[in-house]
Amino acid sequence: MYWSKLFIPTLRETPAEAEVISHQLLLRGGYIRQLSAGIYSYLLPAQRSMLKITAIVREEMDRIGAQEFLLPALHPAEVWQESGRWELMGDNMFRLKDRNGRWLCLGMTHEEIMTVLARGELRSYKQLPQIWYQIQTKFRDEPRPKSGLMRVRQFTMKDSYSFDLDPAGLDAAYEKHRRAYERIFDRCGLEYLTVEAHSGAMGGSQSQEFMVASDAGEDLVARCKNCGYAANLEKATSVAQAPAAADPEGDLEPEEFHTPNRKTIAEVAEFTGLPESSQMKSLVLSAGDQRVLALLRGDHQLSETKFCTALGVKEFRPAHPEEIHQWMGADAGSLGPVGINDLRIVADEALRGRRNMIAGANRNDYHLRNVTPGEDFQPEYFDLRQAAAGDGCAHCGGTLELVKAVEIGHIFKLGYKYSESMGLRVLNEAGQEVTPIMGSYGIGLERILSTAIDLYHDKDGIVLPVPIAPFEVVITPVNTNDAGQKAAAGKLYGELKAAGLDVLFDDRDERPGVKFKDADLIGIPYRITVGKKLPQGLVEVVERKGKASVDVKVEEVAAFVAAKVGAAKA
RNA sequence: CGGGGCGUAGCGCAGCCUGGUAGCGCACCUGCCUUGGGCGCAGGGGGUCGGGCGUUCAAAUCGCCCCGCCCCGACCA
C-alpha cells in the first residue's frame with residue numbers, strides 16, 4: 001500500500017483523556033478514535049491487526065475441530081428469561097423495544113442462543129461431541145468503560161461452546177481449548193499466565209483464565225515464582241504468615257478491659273501494644289436470611305468469593321449499623337464472638353489452634369483479652385481469607401506475589417446449567433433421554449491488541465510482534481526528490497509484495513524524520529531505508545524492536561526481510 | 001450509583017479569579033527553501049468558547065440547571 005494514499009492520522013501529542021499506555025499509543029498511532037464512552041472506531045492499522053488476530057484465532061479453533069458460526073447480536077428477551085439471566089444481568093445488558101413493544105437485548109454472550117440452536121437440532125448421542133464458535137461483536141453496558149480498548153461497551157469476542165454426552169467428553173473439549181488458547185496467545189507473541197479462576201455459583205467444576213500481567217489490569221493474580229502456581233486472587237489459597245507475636249500460654253479466662261475510642265484493629269493494636277495478628281477481626285454480615293459473624297485474624301482480609309462459596313450463597317452484604325447494634329448489643333469497633341448465640345459464627349482456618357487473643361467485648365469501648373476459639377465460642381472453620389503478597393505457597397512453600405493482570409481469555413466448564421434449564425436433551429445409546437454437558441470458552445480480541453501494546457512499546461511508540469502488526473515492513477525512501485531512490489524503492493515494493501510480505505511504501509513527500517517517527521509510532525517491525533548508501537547498492541534494514549540496523553544489498557533485501565518475517569511468524 | 005477533575009480551532013493548552021477586540025504551540029492550506037529522526041521563512045484558512053436558562057448596557061468569564069468525557073471507588077458472564 002502507498003502511504004500517501006492512506007488515512008493514518010498519527011498524533012504528535014497525547015490526547016488528554018488517555019491514561020494507560022496502550023490507549024495513548026492506539027490514539028497516537030491512528031489505530032482508533034472514540035465515538036462515545038467505551039465505543040471506538042477501528043481505523044486501518046487497528047483493523048489490519050484485528051484481522052490478523054482473528055485469522056490466528058480462527059486457524060487454531062479450526063485445528064481442534066471447532067465449527068465457525070455467526071449468531072445474531074440482537075436477541076429476543078424470552079431466550080434470556082428462560083435461563084434466568086434477563087434479570088441476573090441487570091443494567092449491564094443493553095435492552096431495547098421493537099415497534100411492537102417487544103423487548104430485545106444486544107448479546108453480551110451467547111450461551112442461550114447456542115443452547116436454543118442445540119436443543120432444536122441435536123437429537124442423538126451420535127451427533128456429539130460438538131464445538132461451535134463464533135467471532136462476534138458483544139455489547140455490555142459497562143458501569144465504567146476505561147483504559148482505551150481494555151474495558152469497553154462494544155467489543156469483539158471469540159466465544160465457543162462445547163456439547164458432550166458426559167463429563168469425560170467435557171474434559172476433553174476443555175483440554176482441547178486450553179491447548180488451542182496456548183497456541184493462539186503464543187502465536188500472538190504474548191507473555192501470559194494461566195491461572196485458576198473462580199467458577200462462580202454456576203455449577204462449573206473447573207475454570208481457568210489467561211491473563212497478561214499489566215499495570216492496566218483490573219484483576220489480581222497470586223503467583224508463586226518458585227513452582228508456577230498462579231490463581232485469581234478470588235480463588236487463591238496460601239499459607240498465612242505466622243502471627244507476629246506468640247499467643248499467651250495457659251487456660252486463661254476472657255477478661256474485659258476498657259478501650260475508649262479504640263475502634264479499628266490498628267487503634268487497638270497500638271493501645272494494647274500487641275500486633276494486629278493477635279486480634280480477631282469480627283465482621284457482621286447478612287447473607288439472604290442468614291445472620292453471620294465472620295472471624296478473621298486481625299491482619300487478614302475477607303475473601304468475598306470464598307465466603308460465598310463457604311456459605312453456599314450468591315451474595316451478601318455488611319450488616320447495617322442498626323442491625324449490628326440490635327444483633328450484637330454493641331456497635332462496630334467493639335464486636336466479638338463471645339456470648340453470641342443468634343448468629344452463625346464462621347472463622348477462618350488461620351484462627352484454628354490460636355489461644356488467648358484479643359476480640360471486641362460486644363460492649364462499646366470494651367475489648368476482651370484471652371479469647372480462645374473452641375473454648376470461649378464454637379465456630380465453623382472455613383478458608384475465608386484472601387491471599388496476600390508474602391504468604392507462603394500452599395503447593396511448594398515458596399512465597400506468593402500479587403500481580404495486576406488483564407484477562408484475555410477464559411475457559412469454563414459450564415456443566416448442565418443451560419442444557420438443563422433450557423431443555424436440551426438427546427437420546428443415549430440405550431435410548432434414554434440425557435442432558436448434554438456444556439463448556440464455554442471466550443477470548444477478547446481487542447485485549448490481545450491492547451495487552452500486546454502494553455507489553456511491547458518503547459519511548460517512540462508501539463513495538464508489535466510481527467504476527468499481529470498491521471504491516472510487516474515499510475519502505476522508506478529518505479529523499480523523494482531523488483529519482484534514483486524513488487525508483488529503487490518502487491522496485492523494492494514490487495519485490496516485497498511478490499515475496500508475500502505485508503508491505504507499506506512510504507511514498508509521502510515528507511521529511512525523513514517524519515517518516516521514521518511515524519513508522520516507529522505505528523510499530524512496523526521492519527523498515528527498509530533507501531538512502532545515501534544506494535549508490536553503493538546498499539539499503540538499511542532496521543528492526544523496530546531494538547532499532548538494530550544492518551546494510552543489505554538491494555537485490556538481496558527482499559529475501560532477507562522475508563526470511564526474518566517468516567522466522568518471526570513460525 | 002458515590003467522590004474528584006475537565007469541557008475554548010483537528011491535538012495540546014492559556015484566557016475565566018477582577019465581565020468589554022478569542023489567543024499561543026503543533027497540525028492544516030499556498031509559495032519559497034530544505035531532505036538521515038516530528039526542518040526553516042513568508043502568507044493564509046479554521047472557533048455555536050459542551051448545551052439551556054438567568055443576571056447585566058455587555059457573558060468564554062458571574063449564577064442555576066442539564067449533557068458529555070476522564071480518573072478513583074462500587075460493580076464486573
Side-chain angles (χ1 to χ4, degrees), chain A residues 7 9-20 23-24 27-28 30 33-40 80 83-86 88-93 105 107-112 114 138-148 150-153 155 157 159 161 197-202 204 207 209 216-219 232 234 304-305 314-315 317-318 406-407 409-412 414 417-418 439-442 444 459-461 476-482 485-486 506 508-522 527-534 539-540 542 547 549:
Chain A
F7 178 64
T10 56
L11 263 26
R12 187 185 296 222
E13 291 174 284
T14 303
E17 73 260 22
E19 188 96 344
V20 307
H23 189 194
Q24 294 178 352
L27 287 170
R28 285 194 55 209
R33 286 295 183 264
Q34 179 169 306
L35 179 63
S36 178
I39 304 178
Y40 287 87
W80 286 80
S83 70
R85 293 209 292 181
W86 181 260
L88 196 68
M89 290 305 190
D91 289 337
N92 267 16
M93 183 181 253
C105 67
M108 320 175 53
T109 173
H110 283 72
E111 279 83 0
E112 281 82 357
M114 282 287 186
K138 307 279 176 170
F139 301 88
R140 295 182 189 181
D141 194 359
E142 290 289 342
R144 185 146 88 84
K146 57 187 268 202
S147 307
M150 293 283 194
R151 180 166 289 280
V152 287
R153 297 197 291 172
F155 59 99
M157 180 181 246
D159 50 322
Y161 305 87
H198 179 67
S199 43
M202 303 176 76
S207 167
E209 289 167 340
E218 299 178 299
D219 288 293
N232 194 306
E234 289 181 343
E304 298 186 9
T305 41
K314 260 187 158 170
E315 54 186 8
R317 60 168 175 83
V406 176
E407 179 185 346
H410 193 171
I411 57 177
F412 190 61
L414 277 181
K417 177 179 164 68
Y418 297 93
S440 148
Y441 318 86
K459 64 174 172 46
D460 292 314
T476 308
V478 169
N479 184 347
T480 35
N481 293 325
D482 183 320
Q485 286 185 19
K486 214 170 175 177
D506 195 351
R508 294 176 299 168
D509 184 18
E510 286 285 357
R511 295 180 57 83
V514 172
K515 300 195 204 184
F516 294 157
K517 288 287 185 193
D518 273 346
D520 287 351
L521 178 58
I522 291 168
R527 186 181 80 217
I528 300 174
T529 308
V530 180
K532 59 193 173 196
K533 294 170 191 161
L534 189 62
V539 294
E540 285 165 41
V542 182
K547 299 280 183 72
S549 168

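Order of the sequence lines sets the chain letters (A, B, ...), proteins ahead of strands, with each chain counted from 1. Any value given below was found using the heavy atoms of this structure, including those in side chains, with hydrogens, waters and symmetry copies removed.
- B:G47 and B:G63: their P atoms are spaced 29 Å apart (whole Å).
- Note on A:L521: a base of the nucleic acid sits closer than 4.0 angstrom, heavy atoms only.
- Residue contacts for A:R28: at a heavy-atom cut-off of 4.0 Å it reaches a base atom on one of the strands shown.
- At B:C39, none of the side-chain N or O atoms of A:R511 fall inside 4.0 Å of OP1 or OP2 (strictly under the cut-off).
- Between the side chain of A:E510 and the base of B:G38 there is no donor-acceptor pair of N/O atoms closer than 3.5 Å.
- Looking at heavy-atom distances under 4.0 Å, A:A18 makes no contact with the nucleic acid at all.
- Note on A:S36: only backbone sugar-phosphate atoms sit closer than 4.0 angstrom, heavy atoms only; bases stay farther off.
- B:C76 atom P lies 14 Å from atom CZ of A:F412, rounded to whole Å.
- A donor-acceptor distance shorter than 3.5 angstrom exists from the side chain of A:R33 to the backbone of A:L27, with no hydrogens or angles considered.
- The residue A:T14 sits close only to the backbone: its heavy atoms come under 4.0 Å of sugar-phosphate atoms, none of a base.
- For A:R151 (side chain) and A:R144 (main-chain N/O), no donor-acceptor pair under 3.5 Å exists by modelled atom type.
- Residue A:K146 is classed as a sugar-phosphate contact, given heavy-atom separations below 4.0 Å to backbone atoms only.
- Taking side-chain N and O atoms only, A:T10 has no distance below 4.0 Å to OP1 or OP2 of B:G38.
- Between the base of B:C75 and the side chain of A:R144 there is no donor-acceptor pair shorter than 3.5 Å.
- Comparing the P positions of B:C24 and B:A14 gives a spacing of 16 Å, expressed to the nearest Å.
- If you check every strand for non-hydrogen atoms under 4.0 Å, A:S147 touches sugar and phosphate atoms only.
- A:H110 and A:K138 form a side-chain donor-acceptor contact under 3.5 Å, judged by distance and modelled atom types alone.
- Here, B:C49 and B:C13 have their C1' atoms 14 Å apart, quoted to the whole Å.
- Both A:D219 and A:P145 sit near RNA chain B, but only A:P145 has its closest nucleotide nearer the 5' end.
- Applying the Watson-Crick and G-U wobble criteria (two distances, each under 3.5 Å), B:G2 pairs with B:C72.
- Residues A:P15 and A:H23 form no side-chain contact, since every pair of their non-hydrogen atoms from C-beta on lies 4.5 Å or further apart.
- Counting non-hydrogen atoms under 4.0 angstrom, A:P15 reaches the backbone sugars and phosphates but no base.
- Here the separation of B:C69 from B:G23, taken at their P atoms, is 31 Å to the nearest Å.
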Practice task
Mind running side chain to side chain contact (heavy atoms under 4.5 Å, CB included) on A:F516 and A:T529 for me, showing each step along the way?
Solution key: CA-CA 9 Å; A:F516 294 157; A:T529 308; 4.0 Å; yes
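- At a threshold of 4.0 angstrom between heavy atoms, the contacts of A:D518 include nucleobase atoms, whether or not backbone atoms are also involved.
- The shortest distance between side-chain heavy atoms of A:T480 and A:Q485 does not fall below 4.5 Å.
- When heavy atoms are screened at a 4.0 angstrom cut-off, A:M157 is found touching base atoms of the nucleic acid.
- For the P atom pair drawn from B:C41 and B:G5, the interatomic distance equals 41 Å after rounding to whole Å.
- No side-chain heavy atom of A:K533 sits under 4.5 Å from any side-chain heavy atom of A:V539.
- Taking only side-chain atoms of A:K532, from C-beta outward, the nucleotide of B:G36, B:C75, B:C69 with the closest atom is B:G36.
- One interatomic measurement links the two molecules: CD of A:E234 to C1' of B:C75, which rounds to 12 Å at whole-angstrom precision.
- Taking atom CG of residue A:L11 and atom C1' of nucleotide B:C13, one finds them 15 Å apart after rounding to whole Å.
- Nucleotides B:G2 and B:A60 have their C1' atoms positioned 31 Å apart, rounded to a whole Å.
- At the heavy-atom level, A:R33 lies nowhere under 4.0 Å from the strands shown.
- A:E111 comes within 4.0 angstrom of no nucleic acid atom, judged by non-hydrogen atoms across all strands.
- A heavy-atom distance below 4.5 Å is found between the side chains of A:E111 and A:R85.
- In terms of position on RNA chain B, the residue among A:E17 and A:M89 whose nearest nucleotide sits closer to the 5' end is A:E17.
- Contacts of A:D460 with the nucleic acid, taken as non-hydrogen atoms under 4.0 Å apart, are absent.
- Nucleotides B:G40 and B:C26 place their C1' atoms 16 Å apart, quoted to the nearest Å.
- Using N1 to N3 plus N6-O4 or O6-N4 for Watson-Crick, or N1-O2 and O6-N3 for G-U wobble, each under 3.5 Å, B:C39 pairs with nothing.
- Base pairing of B:U56 is not made with any nucleotide, judged by Watson-Crick or G-U wobble geometry with both donor-acceptor distances under 3.5 Å.
- Contact annotation: A:Q485 does not reach the phosphate of B:G36 (side-chain N/O to OP1 or OP2, under 4.0 Å).
- Closest contact between the side chain of A:P143 and the listed nucleotides B:C26, B:A74, B:U35 involves B:A74.
- To the nearest whole angstrom, the two C1' atoms, one in B:G15 and one in B:U61, are 9 Å apart.
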